[in-house]
Amino acid sequence: MAKSRFFSKMARHQKLWYGKWHVWMGIFAGSILIIVSMTGSLLVFEQELDTWLNPELFDFEIGTEKLSYQQVVEKVKLAHPDWELKSIFLMPDRNDAYQLIYSDDFRQAIINPYTGEVTGTRIYGKSAMGVIRDLHRTLLIPTIGRYIVGFASIFMVILMITGLRLWIPKHWSRLKEKLTIKKGASFKRQNYDLHQSMGFYFSPFISLISLTGVAITFSPLVILALFLVSFEPPKSVDEILGVPSTYQAEVPPISIDDAARLAMKEVPAGKVMGMSFPADSVATYAVNMISPGKSKTGNFNIINLDQYSGKVLLNLDDLPNIGKAYVNWVTPIHYGTFGGLTTRIIALITTLMVPILFVSGFIIWWQRWKKQKKLADKPALAAEPIKIKKPANRPKVRPELSNSSPTVVNHGPILFITAAQK
């Protein structure tokens, strides 16, 4: 019995503190989470929206055969000899256009893949979708903004945990009430039911998106942790990623198409999605590849090649399995792209649910706060003297009958009690 009372007291204490954390973390992080979630909902369909917003860049006539990476680069160099080309990438979700980066501020040149014509240039960070992406990641605040978003995402996970604890019904017979919105009830009750039921249904999805967001924000720490917990021999990041080309003064660098061909030889089932060019005499080609995988987005890979010999210096498949899982799953899960259109729609609805939960939760808090304030401001009632009512007049008892014992006299169906005569 004592043990039962102890656990009951602990449960009440825990629920009280979970309630406090849930309220104050929601208030402090809510405004940030609304911005992050609303911009995130747009980024689920970022490529499609960017194509729709910029028809002059991506609306070109479809040809019969696309130019190779080498052919595109040669045409652009001929038309723009002053450009210092840094990388080229294919944009499959933007009508298969090519994207060339040609300046230190990451200015893009969008290329028609069939003609090699430059359809336009831009700095993506200053475009509509670029601003939305930057707002999602950093709130447009340099350096510290990304960490504000990261900690807000951690708070979101805590909000889900505390919310689930508060959701648990005291009696399981009330489970149906916790899972539905009562029809015909007052706005206050329906708002409360909406907050509870939607919070329960979407908590797994919101937690998953928040956790992957934390992993993206704090990626250096996460990658270090993954190396520490892996059971394979540890390697430093420089040892894996920083192997340079062996400089050969008399040997010209291999061509762009040769780099693509060698990467395809290393990953026969893969597809070259783009590459970064060597920045100096000892830098490497970094070829980005996608090969079939369990998710719709496939397995991402990077092949680093010696710019002179074409020797493979890095293959991301050499990373520990847990590291490959991070590379291939974190971003697709965060944006819902890992399962195709279905998971993207789920991600879209989930991100839109965050502001709904915040607004409904704020309304619950605001109504309770107003009620408590009203009670606190109400003046205490002055103490009034207690009025004692006088008893009703009773018939006087004759003295000679005061010591008499009662006698029951029967007069027909009614019983009378009288005093006996002396």
Heavy-atom count around D105 CG within 6.0 Å, excluding the residue itself: above 12?
yes
If the test is side-chain contact (heavy atoms from CB on, under 4.5 Å), which one of L262, D258, L313 qualifies with L305?
L262
W366: what forms a ring pair (Phe, Tyr, Trp, His ring centres under 6.0 Å) with it, not counting sequence neighbours?
W369
Donor-acceptor contacts under 3.5 Å from residues 273-286 side chains, at least two apart:
unit_1	atom_1	unit_2	atom_2	d
D280	OD1	V282	N	3.0
D280	OD1	A283	N	2.9
Y285	OH	I254	O	2.8

Salt bridge present between K77 and E84 (N-O < 4.0 angstrom)
no
Side-chain heavy atoms of L43 within contact of L49, under 4.5 Å:
no
Do any N or O atoms from the side chain of R146 and from the backbone of T138 form a donor-acceptor pair under 3.5 angstrom?
no
Flag, side chain of D134 to backbone of L140, donor-acceptor distance under 3.5 Å
no
Which heavy atom in T180 sits nearest to a heavy atom in S197, and how many Å separate them?
N-CB, 4.2 Å
If you look at every heavy atom in M289 and V272, which pair is closest and at what distance?
CE-CG2, 4.1 Å
On a heavy-atom basis, which atom in G150 and which in T217 lie closest, and how many Å separate them?
CA-CG2, 3.8 Å
When you measure from the side chain of N191 to the backbone N and O of F187, does any donor-acceptor pair fall under 3.5 Å?
no
Heavy-atom donor-acceptor pair, T343 side chain to G340 backbone, under 3.5 Å:
yes
Stepwise, does the side chain to side chain contact (heavy atoms under 4.5 Å, CB included) test hold for R122 with L57?
CA-CA 10 Å; R122 65 179 181 177; L57 296 179; 4.0 Å; yes
Quick one: does Q70's side chain have a donor or acceptor within less than 3.5 Å of a partner on I256's backbone?
yes
With sequence neighbours left out, the residues meeting ring pair (Phe, Tyr, Trp, His ring centres under 6.0 Å) with F155 are none
Enter the distance from I110:CD1 to N95:CG here, rounded to the nearest 0.5 Å.
11.5 Å
Heavy-atom side-chain contact between F300 and S291 under 4.5 Å
no
Could you tell me the separation between the CG atom of N54 and the OG1 atom of T119, rounded to the nearest 0.5 Å?
9.5 Å
Between the main-chain N or O of A215 and the side-chain N or O of Y326, is there a donor-acceptor pair closer than 3.5 Å?
yes
Hey, is CD1 on I144 packed in by over 12 heavy atoms from elsewhere, all under 6.0 Å?
no
Would you say the side chain of S87 lies within less than 4.5 Å of the side chain of F89, judging by non-hydrogen atoms?
yes
Give a yes or no on whether the backbone of L159 and the side-chain of H22 come within a donor-acceptor separation of less than 3.5 Å.
yes
Does any non-hydrogen side-chain atom of F60 lie less than 4.5 Å from one of P113?
yes
Side-chain donor-acceptor pairs under 3.5 Å in residues 23-40, sequence neighbours left out?
unit_1	atom_1	unit_2	atom_2	d
S37	OG	L33	O	2.8
S37	OG	I34	O	3.0
T39	OG1	I35	O	2.8
T39	OG1	V36	O	3.0
T39	OG1	H136	ND1	3.2

Take D50 and R133 through the salt bridge (Lys or Arg N to Asp or Glu O under 4.0 Å) test and state the conclusion after the steps.
CA-CA 11 Å; D50 187 40; R133 174 178 280 272; over 6 Å; no
Does a sphere of radius 6.0 Å around CZ in R189 hold more than 12 heavy atoms from other residues, nucleotides or ligands, not counting ones at 6.0 Å or beyond?
yes
Kindly state whether the ring of F218 and the ring of F151 have centres lying under 6.0 angstrom apart.
yes
Around atom NZ of K271, are there more than 12 heavy atoms of other residues, nucleotides or ligands at under 6.0 Å?
no
Is any side-chain heavy atom of Y69 closer than 4.5 Å to a side-chain heavy atom of Y98?
yes
What's the spacing between L194 CG and I356 CD1 if we round to 0.5 Å?
7.0 Å
Roughly how far, to the nearest 0.5 Å, is the CZ atom of R344 from the CD1 atom of I346?
13.0 Å
Are I349 and F202 close enough that some pair of their side-chain heavy atoms sits under 4.5 Å apart?
yes
So, are D257 and R261 salt-bridged, with charged N and O less than 4.0 Å apart?
no
Sidechain-backbone polar pair: S245 side chain, Q307 backbone, donor-acceptor under 3.5 Å:
yes
Answer whether the closest heavy-atom distance between the side chains of R165 and M160 falls below 4.5 Å.
no
Examine distances only and state if a side-chain atom of N301 and a backbone atom of L316 form a donor-acceptor pair shorter than 3.5 Å.
yes
How would you list, by chain and number, every residue that makes a side chain to side chain donor-acceptor pair (under 3.5 Å) with Q47, sequence neighbours excluded?
none
Take Y124 and F106, measure what side chain to side chain contact (heavy atoms under 4.5 Å, CB included) needs, and give me the verdict at the end.
CA-CA 8 Å; Y124 186 69; F106 296 98; over 6 Å; no
Test item: Y201 and M198 side chains (from C-beta on) under 4.5 Å apart, heavy atoms:
yes
Salt-bridge contact K182-E177 (side-chain N to carboxylate O under 4.0 Å)
no
In short, I132 meets L42 closest at the heavy-atom pair CD1-CD1, 3.7 Å
Heavy-atom pair of closest approach, residues S309 and D306:
N-OD1, 3.1 Å
Nearest heavy-atom contact between S68 and Q71 is N-OE1, 2.8 Å
Can you tell me how far OG of S203 sits from CE of M353, rounded to the nearest 0.5 angstrom?
11.5 Å
First locate atom CG of D93, then atom CZ of F58, and finally report the distance between them rounded to the nearest 0.5 Å.
11.0 Å
Not counting sequence neighbours, list each pair that qualifies as a salt bridge (Lys or Arg N to Asp or Glu O under 4.0 Å) and has a residue in residues 55-76.
K66-D96
Does the distance from a Lys or Arg side-chain N to an Asp or Glu carboxylate O, for D193 and K178, drop under 4.0 Å?
no
Decide side chain to side chain contact (heavy atoms under 4.5 Å, CB included) for L314 and I303; before the verdict, give the C-alpha distance in whole Å, the side-chain angles of both, and the deciding distance to 0.1 Å.
CA-CA 5 Å; L314 167 71; I303 306 296; over 6 Å; no
N299/I290 under side chain to side chain contact (heavy atoms under 4.5 Å, CB included): CA gap, chis, key distance, verdict:
CA-CA 5 Å; N299 290 324; I290 289 290; over 6 Å; no
